[in-house]
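Accompanying notes for the structure given below.
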Amino acid sequence: MNRYFIEANQSGCFYELYVNGKLVFKHFKQVGLMGHTTCINDAILKSGGQ
C-alpha cells in the first residue's frame, strides 16, 4: 500500500491543513521555525487528482 505525506515548514504562524475538506493537521502554538510531515492517506477519497 502506498503512503502519501505532505511536508510543511512554518515560521511563527498558525495554520490548518485540509485535504479534500478534511482537517489533517492544525498548528496553533507559538514556536520559531518548525517543519513536520503529515500522513494524508485517510483524507484521500479516490485515485487520481485530488
Side-chain angles (χ1 to χ4, degrees):
M1 178 171 147
N2 292 332
R3 307 263 312 155
Y4 298 95
F5 299 89
I6 290 180
E7 293 182 31
N9 296 305
Q10 65 86 22
S11 177
C13 62
F14 304 136
Y15 63 94
E16 296 176 330
L17 176 61
Y18 291 85
V19 175
N20 292 322
K22 182 177 181 180
L23 178 66
V24 294
F25 185 83
K26 61 183 176 179
H27 176 78
F28 292 104
K29 295 180 182 175
Q30 277 292 80
V31 296
L33 293 172
M34 185 184 94
H36 74 276
T37 302
T38 301
C39 181
I40 61 168
N41 281 40
D42 291 340
I44 295 174
L45 302 176
K46 59 183 179 187
S47 64
Q50 301 291 306

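Every value quoted in this text rests on a predicted model; they were computed, and no experiment measured them.
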Kindly work out whether a path of hydrophobic side-chain contacts (I/L/V/M/F/W/Y, heavy atoms less than 4.5 Å apart) joins Phe25 to Phe5. no

Rounded to the nearest 0.5 Å, the CG atom of Leu17 sits from the CD atom of Gln10 at a distance of 12.5 Å

Could you pull out every donor-acceptor pair under 3.5 Å between side chains of residues 31-41 and any protein atom, sequence neighbours left out?
unit_1 : atom_1 : unit_2 : atom_2 : d
His36  : ND1    : Tyr15  : OH     : 3.2
His36  : NE2    : Thr38  : OG1    : 3.2
Asn41  : OD1    : Tyr4   : N      : 2.6
Asn41  : ND2    : Asn2   : O      : 2.8

Which residues, ordered by chain and number, are linked to Phe14 in its hydrophobic cluster, where ILVMFWY side chains connect at heavy-atom gaps below 4.5 Å, directly or through other members? Phe28

So with a 6.0 Å cut-off around CD of Glu16, is the heavy-atom count from everything else above 12? yes

ILVMFWY cluster membership beyond Tyr18 - transitive side-chain contacts under 4.5 angstrom: Leu23

With no hydrogens and no angle check, is any side-chain donor or acceptor of Asn20 less than 3.5 Å from a backbone partner on Ile44? no

